[in-house]
Every structure is written in C-alpha cells, then in structure tokens.
Visitor: 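One structure follows; several queries about it will come next.
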Amino acid sequence: MNIAIIGFGNMGQKIKEIAETRGHTVTIMIDPVNINATHKNISEVDFNNIDMIIDFSLPNNVVDNIKTAVSFKKNIVIGTTGWYDKLPEIEKLIKDKDTGLLWSANFSIGVNLYYRLIEKAAKLINQYDEYDIWGTELHHKNKIDSPSGTTKELSKILLENISRKDSVVYDKLDRKINANEIHFSSTRGGDINFSHTIGFDSPSDTITIIHSARDRGGYALGAIKAAEWLNDKKGLFNMNDFLNN
C-alpha cells in the first residue's frame, strides 16, 4: 500500500518504519511541527494516489481528518483517542460515503490479547469469593494522563465479569478498601514504555497476569496489520473485528 500518516510524532515515525519493513511505502507525513514531515496541514494534501490513511494526531482534528479521508474515498485507521463521542456521526458518514474506518484506543495485538486473557480469568475468579482483585500500572515519565486508557479498559472488563466488585479506585487510599472495590494504582517514571498487572489474591496464594511493552513497535505493528486487514473493506470496525477475523 501507499500510506499517508497524519501525526508524525514518535508513533507516526515508528509506523513508517514498520510499514516499510512490511513492503509498504509512506509518501505523505502530515505534522505541524516535525521538520521531517512532508506537509504541515492536511488541507495541503492530495490523497488521490494514497491507498490508506493512518491517523495518530490530536482529538480535535480527528473528525475533520476523517471527513477529508472519505471525501477522497480513502479508508482510514484511527489511533487517536478522545473523540469517541462523535462515533455515531462518524459511523453514518462512513456508511454514506461507502468507505472503511478502523479505530482503537490501543493497537498493540499483545494488549488486545491481554484483555481477552483478563476477561477469561475474571470469569473464573468470579466463582471463588476467597480471591480479592487488584491492579497496578507503570508508565514512562512523559505520559500525561493517569490512569491510562488501557487501565480503564481493564477495569471495565473486571467490573463486567466479577459480580462482587462494582467500583474501581484509582486514587491513593487513606482507608481500608471496601469489599466491593478494586484498587488500581498508577506509577510514572523513567523511560519504561508500560506494564499492567492484574492480581487475584487469596489467603493462601496469589495469581498475577502481567503485560509489559518494551517499545512502541507493538502498537505500530498492530496499526499496520489493522490497515492491511481494512484495505479492501467498507464499514466501521475496531480491533475486536480485526482479531476475530
């Protein structure tokens, strides 16, 4: 494929690197500040010779970027978060323009498989009241949000599958935790990419399930594989559709 990347920061640069190792070409890189980008603004770009657009830009730009993509009848992969309140509008647009869009908060195949492992584990633990549940996450010093989007998704999975838990506490606790709560703590520091740990703890033993990312390569590879999958499809999709097929 001939690929255009919107948002040529660390993730965009890694996507270009991985895409080229898989035989694709990246001829358009759009970013307002990166001097290595080919364009500063999407309005400057002619997408007619592009096969696929991959967006890792900013939330307030995503909807306009999608509208531009479908105006050229191009499929688009979205890794930007923070725009999901617009999904109903975007779904109608994708259908009306007969194009394809795949979105995800996390394109790492390992993370998406981790979600499924945690879901299966939670359903098993739900049958055994002697196990309490906790979580912790570690991210690099430059991460700007806490808890992470991955942590929020893991918390959602746990609450949906463990009936004795109905609340997650992300802040520090200066009290005894309540029986209905899960404590999910966050740590920020250093250069580590990230890790997430879910613990199931009884008086006699502890079960821990950990996912750790070494670098951004897993996200970039997942985004490229998703783009390859989306290339000949029409409609609105997410990573579950990709993994299921």
Side-chain angles (χ1 to χ4, degrees), residues 11 56 77-82 84 87 102-140 143-173 177-190 192-226 229 236-245:
M11 265 304 299
F56 274 80
V77 169
I78 306 286
T80 309
T81 59
Y84 301 142
L87 268 170
L102 190 150
W103 63 275
S104 180
N106 193 318
F107 276 95
S108 165
I109 293 172
V111 166
N112 282 277
L113 294 176
Y114 185 62
Y115 291 155
R116 296 189 175 199
L117 290 171
I118 295 301
E119 180 181 4
K120 290 179 183 296
K123 288 177 178 177
L124 289 171
I125 290 295
N126 189 46
Q127 304 174 56
Y128 300 96
D129 291 350
E130 62 266 35
Y131 284 90
D132 201 6
I133 300 95
W134 54 266
T136 185
E137 54 127 319
L138 174 62
H139 279 79
H140 56 83
K143 186 162 180 62
I144 60 175
D145 61 329
S146 177
S148 67
T150 301
T151 292
K152 291 178 182 178
E153 181 63 22
L154 289 167
S155 299
K156 178 174 175 284
I157 290 168
L158 292 169
L159 293 181
E160 287 175 347
N161 291 284
I162 301 176
S163 57
R164 59 187 176 275
K165 300 292 184 178
D166 60 19
S167 178
V168 176
V169 179
Y170 298 115
D171 297 329
K172 78 168 186 174
L173 280 171
I177 193 167
N178 296 323
N180 65 311
E181 295 176 325
I182 298 172
H183 193 205
F184 211 129
S185 61
S186 298
T187 300
R188 299 289 179 265
I192 188 171
N193 199 280
F194 75 65
S195 68
H196 293 82
T197 302
I198 302 298
F200 304 102
D201 190 82
S202 80
S204 298
D205 60 9
T206 300
I207 303 167
T208 54
I209 307 177
I210 302 171
H211 177 273
S212 298
R214 295 187 182 93
D215 56 32
R216 291 182 173 86
Y219 314 125
L221 178 60
I224 293 299
K225 285 191 170 186
W229 180 84
L236 184 69
F237 306 98
N238 60 36
M239 279 298 278
N240 279 329
D241 299 305
F242 165 72
L243 290 173
N244 289 336
N245 293 276

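Residues take their numbers from the sequence shown, with the count starting at 1. Computed from a prediction, not measured in an experiment: that's the story for all the values here.
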Visitor: Show me the pairs that pass side chain to side chain donor-acceptor pair (under 3.5 Å) and involve residues 209-224, at least two apart or across chains.
Guide: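 As it turns out, the side chain to side chain donor-acceptor pair (under 3.5 Å) pairs with a partner in residues 209-224, which skip direct neighbours, are Asn193-Tyr219.
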Visitor: Sequence neighbours left out, what passes side-chain contact (heavy atoms from CB on, under 4.5 Å) with Asp166? Give chain and number order.
Guide: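 Partners of Asp166 under the side-chain contact (heavy atoms from CB on, under 4.5 Å) test: Asn180.
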Visitor: Supply the atom-to-atom distance Leu138 CG to Thr197 OG1, rounded to the nearest 0.5 angstrom.
Guide: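 Reported to 0.5 Å precision, the distance equals 8.5 Å.
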Visitor: Holding to side-chain hydrogen bond (donor to acceptor under 3.5 Å, both in side chains), I want the full list of residues that pass it with Ser163, two or more places apart in sequence or in another chain.
Guide: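 Only Asn126 meet the side-chain hydrogen bond (donor to acceptor under 3.5 Å, both in side chains) criterion with Ser163.
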Visitor: Once you round to the nearest 0.5 Å, how far does CD of Glu181 lie from CG of Asp132?
Guide: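 So the gap between those two atoms works out to 10.5 Å.
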Visitor: Between Phe56 and Ala223, which heavy-atom pair has the shortest distance, and what is it?
Guide: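 Nearest heavy atoms, Phe56 then Ala223: CE1-CB, 4.1 Å.
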Visitor: Show the nearest heavy-atom pair for residues Ala226 and Val77, with the distance to one decimal.
Guide: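 Closest approach of Ala226 to Val77, heavy atoms only: C-CG2, 4.5 Å.
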Visitor: Can you list everything that forms a side-chain hydrogen bond (donor to acceptor under 3.5 Å, both in side chains) with Ser146? Sequence neighbours excluded, please.
Guide: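 With neighbours one apart ignored, the set is Ser186.
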Visitor: Indicate yes or no: at least one non-hydrogen side-chain atom of Leu243 is less than 4.5 angstrom from one of Trp229.
Guide: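 A side-chain contact under 4.5 Å is absent here.
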Visitor: Measuring only between side-chain heavy atoms, which start at C-beta, is Leu158 closer than 4.5 Å to Lys165?
Guide: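 A side-chain contact is absent here, since even the closest heavy-atom pair is not under 4.5 Å.
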Visitor: State, without any angle test, whether Thr206 and Asp201 hold a side-chain donor-acceptor pair at a distance under 3.5 Å.
Guide: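 Distance-only check passes for Thr206 and Asp201.
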Visitor: Output all residues satisfying side-chain hydrogen bond (donor to acceptor under 3.5 Å, both in side chains) with Tyr131, sequence neighbours left out; order by chain, then residue number.
Guide: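 side-chain hydrogen bond (donor to acceptor under 3.5 Å, both in side chains) list for Tyr131, sorted by chain: Asp205.
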Visitor: Can you list the residues that meet the salt bridge (Lys or Arg N to Asp or Glu O under 4.0 Å) rule with Asp129, with sequence neighbours excluded?
Guide: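 For Asp129, the residues satisfying salt bridge (Lys or Arg N to Asp or Glu O under 4.0 Å) (neighbours in sequence not counted) are Arg164.
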Visitor: Could you pull out the closest heavy-atom pair between Asn245 and Asp241, with the gap in Å?
Guide: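 Closest heavy-atom pair between Asn245 and Asp241: ND2-O, 2.8 Å.
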Visitor: Could you name each residue pair satisfying side chain to side chain donor-acceptor pair (under 3.5 Å) that touches residues 149-161, not counting sequence neighbours?
Guide: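 Sorted result for residues 149-161: Asn106-Thr150, Glu137-Thr151, Ser148-Thr151, Thr151-His196, Ser155-Tyr170, Lys156-Glu160.
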Visitor: Under the rule for side-chain hydrogen bond (donor to acceptor under 3.5 Å, both in side chains), what residues qualify as partners of Lys123, not counting sequence neighbours?
Guide: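 In terms of side-chain hydrogen bond (donor to acceptor under 3.5 Å, both in side chains), with neighbours along the sequence ignored, Lys123 is linked to Glu119.
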Visitor: For Lys225, give me all partners under salt bridge (Lys or Arg N to Asp or Glu O under 4.0 Å), at least two apart in sequence or on another chain.
Guide: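 For Lys225 there are no salt bridge (Lys or Arg N to Asp or Glu O under 4.0 Å) partners, ignoring immediate neighbours.
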Visitor: Would you give the length of the straight line joining atom OG of Ser167 to atom CG of Asn178, rounded to the nearest 0.5 angstrom?
Guide: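 Answer rounded to 0.5 Å: 8.5 Å.
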Visitor: What heavy-atom pair brings Ile209 and Ala121 nearest, and what distance separates the two atoms?
Guide: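 The answer is CD1-CB, 3.8 Å.
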Visitor: Between Tyr115 and Leu154, which heavy-atom pair has the shortest distance, and what is it?
Guide: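 Nearest heavy atoms, Tyr115 then Leu154: CD2-CD2, 3.7 Å.
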Visitor: Sequence neighbours excluded, which residues qualify as side-chain contact (heavy atoms from CB on, under 4.5 Å) partners of Leu124?
Guide: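 side-chain contact (heavy atoms from CB on, under 4.5 Å) list for Leu124, sorted by chain: Gln127.
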Visitor: Does Phe200 have any ring-ring contact (aromatic ring centres under 6.0 Å, His included) partners at least two apart in sequence or in another chain, and if so, which?
Guide: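 For Phe200, no residue satisfies ring-ring contact (aromatic ring centres under 6.0 Å, His included) once neighbours in sequence are set aside.
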